[in-house]
Q: 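Structure provided below as structure tokens; questions to follow.
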Amino acid sequence: LHLPPLYLVLINPGFPVSTAEIFNKFGGLTSPDDNVSQRERIRGWREILPLLRNDLEAVTIDSYPAVGLVKQALHASGADGVLMSGSGPTVFGIYSSQAAQERAYQQLKVAHPRWWICQTETTPS
């Protein structure tokens, strides 16, 4: 699978989240799906967006509402997809281009000082 790079902005709200706490509150997977088997159908970055899912997000946001505010800020900055990483608190936004990523970074950097910009790399399979 060879995809073009994904342009990302990552924001950490600046506090730790206890992974043990989140998993203690977590009730299990919301529903099984076949995301893994869809790999063959992915031809471009937009096809990845509907597959973004993190069952821990709702639990983390319930305990740490600031994570939800970071998600909202990334959406408002023009991200095409937004997802919390792992049990949190870092959240990433996916942008359609490096220019869109740069605009978002300029918009977000003052209010969210713990940020990173990066892009993915893929290797031919």
Side-chain angles (χ1 to χ4, degrees):
L1 181 66
H2 182 73
L3 295 174
L6 300 176
Y7 299 95
L8 307 170
V9 173
L10 294 86
I11 296 177
N12 181 290
F15 53 81
V17 167
S18 166
T19 299
E21 172 193 348
I22 298 305
F23 273 94
N24 284 337
K25 293 179 179 180
F26 180 56
L29 295 175
T30 54
S31 63
D33 59 28
D34 63 342
N35 285 353
V36 175
S37 68
Q38 294 189 32
R39 175 181 169 163
E40 296 79 30
R41 291 187 236 156
I42 297 173
R43 299 287 177 242
W45 70 272
R46 287 199 183 274
E47 294 164 327
I48 292 172
L49 300 176
L51 304 177
L52 294 177
R53 178 173 150 188
N54 183 340
D55 290 334
L56 299 176
E57 254 188 10
V59 175
T60 302
I61 290 171
D62 187 51
S63 296
Y64 302 89
V67 173
L69 296 175
V70 169
K71 282 192 70 170
Q72 290 173 6
L74 286 162
H75 276 295
S77 75
D80 294 292
V82 176
L83 193 67
M84 182 183 76
S85 177
S87 59
T90 301
V91 178
F92 64 90
I94 300 174
Y95 297 85
S96 60
S97 67
Q98 194 167 13
Q101 175 196 48
E102 178 64 25
R103 283 191 301 273
Y105 153 72
Q106 293 298 332
Q107 178 183 337
L108 295 164
K109 69 180 182 178
V110 173
H112 303 279
R114 292 180 54 118
W115 53 264
W116 299 265
I117 57 173
C118 61
Q119 72 182 46
T120 60
E121 293 185 19
T122 58
T123 56
S125 50

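Excluded from the calculations below are hydrogen atoms, water molecules and symmetry mates; all remaining heavy atoms, backbone and side chain alike, are included. Quick caveat, the model's predicted, so the values are computed rather than measured.
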Q: Please give me the minimum heavy-atom distance between H112 and A73, naming the atom from each residue.
A: NE2-CB, 3.6 Å

Q: How many angstroms lie between CD in Q101 and OG in S77, if you round to the nearest 0.5 Å?
A: 10.5 Å

Q: Could you tell me if the side chain of Y95 sits less than 4.5 Å from the side chain of I117, heavy atoms only?
A: no

Q: Can you sort out the partners of F23 under ring-ring contact (aromatic ring centres under 6.0 Å, His included), two or more places apart, ordered by chain and number?
A: none

Q: Would you give the length of the straight line joining atom CD of E21 to atom OG1 of T60, rounded to the nearest 0.5 angstrom?
A: 8.5 Å

Q: Does T120 reach the main-chain N or O of L6 with its side chain, forming a donor-acceptor pair under 3.5 Å?
A: yes

Q: Do L56 and L74 sit in one hydrophobic cluster, given that two such residues count as connected whenever their side-chain heavy atoms are within less than 4.5 Å of each other, even indirectly?
A: yes

Q: Taking N54 for the side chain and M84 for the main chain, is one N or O donor matched with an acceptor at less than 3.5 Å?
A: yes

Q: How would you list, by chain and number, every residue that makes a salt bridge (charged side-chain N to carboxylate O under 4.0 Å, His left out) with K109, sequence neighbours excluded?
A: none

Q: Roughly how far, to the nearest 0.5 Å, is the CG atom of D80 from the NE2 atom of H75?
A: 10.0 Å

Q: What pair of heavy atoms forms the shortest contact from A66 to F15, and how long is it?
A: CB-CE2, 3.7 Å

Q: Any sub-3.5 Å donor-acceptor pair from N24's side-chain atoms to A20's backbone N or O?
A: yes

Q: Check whether any side-chain heavy atom of K71 lies under 4.5 Å from a side-chain heavy atom of I61, and answer yes or no.
A: yes

Q: Is a donor from one side chain sitting under 3.5 angstrom from an acceptor on the other, for Q106 and E102?
A: yes

Q: If I compare all heavy atoms of Y64 with all of P16, which pair ends up nearest, and what's the gap?
A: CE2-O, 3.9 Å

Q: Provide the closest heavy-atom pair for F92 versus L8 in the form atom of the first, atom of the second, distance.
A: CD1-CD2, 4.2 Å

Q: If you compare all heavy atoms of V9 against all heavy atoms of A104, which two are closest, and at what distance to 0.1 Å?
A: CG2-CB, 4.4 Å

Q: For the residue pair R114 and G14, what are the closest heavy atoms and their distance?
A: CD-CA, 3.5 Å

Q: Identify which one of I11, V67, V70, N12 satisfies the side-chain contact (heavy atoms from CB on, under 4.5 Å) criterion when paired with T90.
A: N12

Q: Please name all residues satisfying ring-ring contact (aromatic ring centres under 6.0 Å, His included) with W115, sequence neighbours left out, ordered by chain then number.
A: Y105

Q: If we only count heavy atoms from C-beta on, is the V91 to L10 side-chain gap below 4.5 Å?
A: no

